[in-house]
Amino acid sequence: MMKLLFGLWSVLLDLTMFHSQALMQNRIIGGNAAAPNSIRYMVSLQSTSGQHFCGGSLVHRYWVLTAAHCNIGTDQMMIVAGDYKLNVFEGTEQYAKPHKLIPHPLYNSSTNNADIMLIKLRAPMVLNKFVSLAPLPRQGTGVVEGHPCQVSGWGHNGVGGVQAPVTLQSVTVPIVSAARCNSSDSFDGNITANMICAGSHSGGKDACKGDSGGPLVCRGRVYGMVSWGYGCGDARFPGVYTAVSRFRRWLDQTIYGPHLRCFGYR
């Protein structure tokens, strides 16, 4: 699940070593190309040289939701909204530099707990028929085992040179219970309450390296973000996602702060 000069890659590898070691294949597994501009809140996190390394979701004109382990620093990052095929200018893209990166204060890179981060943009994205906001779940809500959800991303791992165009991919995966995901046959107790699992019982469908931070959409809302896993598409090890509903209050407080009362808490 999770293109640049080698210097920047070393930064990425240091920050995401656990993820890079766990996820060795290249992109969404077992999926298909999404319909053009059908996932309008999806954004690409890119290096300043234009190399995609993580996904994210636009949750406010000034704010992007992604994984904390995608933090490579504000000076190294560019946010691209309205994209479909990477490395092809389609005229629908919008670009913004980050103003600040706010990883959750409880994020732990060793356990992957609270792997969630907000990016505040220097300038707002313009909402149109190619760019929209991601619907989020209410605080504390969940999705039952077996419910089908969609994960999307541009995951790939090209280093240097000119990459072939990469089209946004999606695949449908069912929610896996915490009990099964935490069993001795799977992640053996390493799944915290801030994580959810999703993957096919027969394997072969999953997010992968480069998809980190991308959305897992259930019932039309972003319930999860690609976080970590062992391998890609392994039936024993479903993909592990940050449970967005566990952090909805933190997201609202960070984005809206003292203005929450004016908006009414959802």
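- With sequence neighbours excluded, the residues that form a side-chain contact (heavy atoms from CB on, under 4.5 Å) with T172 are P148.
- Side chains of N113 and N194: a donor-acceptor N/O pair is present below 3.5 angstrom, by distance only.
- Side-chain atoms of S38 never come within 3.5 Å of backbone atoms of A34 as a donor-acceptor pair (strictly under, hydrogens ignored).
- When each of S212, S109, S227 is paired with H69, the side-chain hydrogen bond (donor to acceptor under 3.5 Å, both in side chains) condition holds for S212 and for no other.
- When all heavy atoms are compared, the tightest approach of G231 to D206 is O-OD2, 4.3 Å.
- Annotation: ring-ring contact (aromatic ring centres under 6.0 Å, His included) contacts involving residues 185-211, sequence neighbours excluded, comprise F187-W228, F187-Y230, F187-F237.
- Annotation for L136 and R248: closest pair O-NH1, 3.4 Å, computed over non-hydrogen atoms.
- In this structure, R61 places its CZ atom where only 12 or fewer heavy-atom neighbours from other residues, nucleotides or ligands lie under 6.0 Å away.
- Although no hydrogens or angles enter the test, the distance criterion places no donor-acceptor pair under 3.5 Å between the side chain of D211 and the main chain of G55.
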Full working for side chain to side chain donor-acceptor pair (under 3.5 Å) between E90 and T92: CA-CA 6 Å; E90 299 163 286; T92 59; 4.6 Å; no
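- If you chain together hydrophobic residues whose side chains sit under 4.5 Å apart, L45 and Y95 never meet in one group.
- When every heavy atom of A207 is checked against every heavy atom of V151, the shortest pair comes out as CB-CG2, 4.0 Å.
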